[in-house]
Amino acid sequence: MRKYKVFVILPVCIVMLSGCGKRDSGSIKAESQTQAAGSQIQEPEAVKTEPGEAGSGKPAFEESGIQESKPEEPATVEIDWSGYFDGFTGTAVLYDTGKKEYRIYNPELADERHSPCSTFKIISGLTGLENGIVIPDNSTRIWSKERFWNEDWNRDIDFPEAFRVSCVWYFRQLIDDIGKEAVAEELERLEYGNQDISDWEGRLNTNNNNRALTGFWIESSLKISPIEQVQVMGRIFGANSLYSPGTVKQLKKVMEVTDYETDIPVYGKTGMGKAGGKTVDAWFTGFAQTEEGPVYFCVRLGESEGEEPTSGKAKEIAVRILSDEY
């Protein structure tokens, strides 16, 4: 119980209560959101902080002369994983939350932004689940009867199966149902690459002009780097995630890797994009769960001399690295 000092001055009594100022609910809400945004990126920390990023403002106690202690900067270690790449041009990024350490192969390529392709289904699925547009027990969408090149897409299909077979028409419909405003807000919240959804229809994609199979995330306006992919995974699945436990649980369920035997659980999504008939982007990104904490990862392959990169190859490389490291 708080104690108050009472001073009595005859003949008038004045009770002085300290520390009982009242904030309006709007101020409390704003402060809560600011604190959440600040803690959001602590797992993992960005390799470098750009102007305007969360956490780059003035310390909360600057006016009183008290400085907030800064979180420990993660270490960055460059590693030669070329033996895993078998001649493919590419990069790999791991962030170990237990050791607070980045391990990077080909750091120059790790910083380059490219189309996320189907790895963006993590974000569209996340947004759909969080906003109640994807209902886990009632997520089937009806096939239009249009014949697609992938036979797995030519049927009525629910969210888990659409994620597993990377059904583009399903996620094209989902993105349209979510809408531009909600997508833009989510990309800003996640600090997702260049956050550019200006080519909503995906007309910049020169490899396909079928609207059911195009969008801003497929060789179009939206770009993200492998390092940023890793950081986004931390913002979704980290201890300070802004998403509901139910959403995270459902997303982990569809991302679980079941076609490789691993000593630790691995969760991820592949992605592949073409331009001019050639594969220019092949991705696998996600996280592994270790006893010391999650390890966020991303492998990307680009155009390679004498080799045709595939998302399956990127996935294989990632799983091999994780298996050997952990």
Side-chain angles (χ1 to χ4, degrees), residues 79-94 103-125 148-150 152-153 162-168 171 192-194 202 204-208 213-233 254-255 257-260 262 266-288 296-323:
I79 294 185
D80 182 7
W81 281 326
S82 57
Y84 293 96
F85 282 73
D86 298 326
F88 285 95
T89 299
T91 182
V93 180
L94 265 65
R103 300 174 208 168
I104 303 177
Y105 168 64
N106 272 353
E108 296 82 6
L109 297 180
D111 240 350
E112 290 182 2
R113 285 175 170 171
H114 297 270
S115 171
C117 304
S118 285
T119 64
F120 190 72
K121 290 182 174 69
I122 297 173
I123 310 305
S124 50
F148 298 106
W149 64 269
N150 190 328
D152 283 335
W153 302 350
F163 194 95
R164 185 185 71 81
V165 300
S166 208
C167 181
V168 178
F171 285 88
Y192 191 96
N194 66 359
L204 294 175
N205 187 333
T206 60
N207 197 62
N208 200 317
L213 303 179
T214 59
F216 58 85
W217 66 96
I218 308 173
E219 299 305 330
S220 184
S221 58
L222 186 65
K223 309 285 185 184
I224 190 169
S225 72
I227 286 179
E228 289 171 322
Q229 288 265 36
V230 166
Q231 293 167 354
V232 167
M233 292 302 103
V254 298
M255 288 174 62
V257 172
T258 58
D259 52 347
Y260 284 90
T262 58
V266 178
Y267 306 86
K269 181 70 187 78
T270 55
M272 191 169 73
K274 293 188 175 184
K278 294 182 179 181
T279 301
V280 293
D281 289 300
W283 299 88
F284 187 58
T285 190
F287 71 100
Y296 307 108
F297 67 82
C298 181
V299 170
R300 179 190 169 272
L301 306 177
E303 289 186 81
S304 305
E305 187 176 348
E307 302 284 355
E308 182 71 14
T310 66
S311 57
K313 184 64 179 178
K315 183 177 184 178
E316 176 193 327
I317 292 170
V319 171
R320 285 173 59 200
I321 292 173
L322 289 166
S323 296

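Throughout, numbering of the chain's residues begins at 1 and tracks the sequence.
A donor and an acceptor atom, one from each side chain of Lys313 and Thr310, are nowhere located under 3.5 Å apart. Between the side chains of Glu219 and Thr206, not a single donor N or O lies within less than 3.5 Å of an accepting N or O.
Counting heavy atoms from C-beta on, the side chains of Val266 and Leu322 come closer than 4.5 Å. In this structure the side chain of Asp259 reaches within 4.5 angstrom of the side chain of Val257, judged on heavy atoms. Between Leu94 and Trp81, some side-chain heavy-atom pair lies under the 4.5 Å cut-off. At a threshold of 4.5 Å between non-hydrogen side-chain atoms, the residues Ile218 and Val168 count as touching.
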Could you go step by step and tell me if Arg113 and Ser225 meet the side-chain contact (heavy atoms from CB on, under 4.5 Å) rule?
-> CA-CA 4 Å; Arg113 285 175 170 171; Ser225 72; 4.1 Å; yes
Run the numbers on Val232 and Ile122 for side-chain contact (heavy atoms from CB on, under 4.5 Å), then give the verdict.
-> CA-CA 10 Å; Val232 167; Ile122 297 173; over 6 Å; no
Tell me, with the steps shown, if Ile227 and Thr91 meet side-chain contact (heavy atoms from CB on, under 4.5 Å).
-> CA-CA 10 Å; Ile227 286 179; Thr91 182; over 6 Å; no
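Atom CE of Met233 is separated from atom CD of Gln229 by 6.0 Å, given to the nearest 0.5 angstrom. Going from atom CE of Met255 over to atom CZ of Arg164 covers 16.0 Å, rounded to the nearest 0.5 Å. With values rounded to the nearest 0.5 angstrom, Thr270 atom OG1 is found 8.0 Å from Lys121 atom NZ. Here Phe216 contributes atom CZ and Leu222 contributes atom CG; the two are 6.0 Å apart, rounded to the nearest 0.5 Å. From Thr89, atom OG1 reaches atom CZ of Arg300 across 9.5 Å, with rounding to the nearest 0.5 Å. A distance of 10.5 Å separates CG of Asp152 from OG of Ser166, quoted to the nearest 0.5 Å.
Between Tyr105 and Tyr84, the gap from one ring centroid to the other reaches at least 6.0 Å. Taking the six-membered ring for Trp and the full ring otherwise, Phe120 and Tyr192 have centroids separated by under 6.0 Å.
Cation-pi check for Lys269 over Phe163 is met; the charged atom lies under 6.0 angstrom from the ring centroid and within 45 degrees of its normal.
Of all heavy-atom pairs between His114 and Asp281, the closest is CB-OD1, 3.2 Å. Considering all non-hydrogen atoms of both residues, Ser220 and Leu204 come closest at OG-CB, 3.9 Å. Listed here is the closest heavy atom pair of Pro116 and Ile224: CB-CG2, 3.9 Å. Nearest heavy-atom pair, Ser115 versus Trp283, reported as atom, atom and distance to 0.1 Å: O-NE1, 2.7 Å. Considering every non-hydrogen atom in both Ser124 and Phe171, the closest pair reads OG-CD2, 3.3 Å. Between Cys117 and Gly271, the shortest heavy-atom contact is CB-C, 4.1 Å.
The aromatic rings of Tyr296 and Phe287 lie tilted to each other, with the angle between the two planes from 30° to 60°.
For the side-chain hydrogen bond (donor to acceptor under 3.5 Å, both in side chains) with Thr279, the lone residue among Lys274, Glu307, Glu303, Glu308 that qualifies is Glu308.
Of the possible donor and acceptor atoms, one in the side chain of Asn194 sits under 3.5 Å from a partner among the backbone N and O of Lys223.
For Ala318, the side-chain contact (heavy atoms from CB on, under 4.5 Å) partners at least two apart in sequence or on another chain are Phe284, Phe297, Val299.
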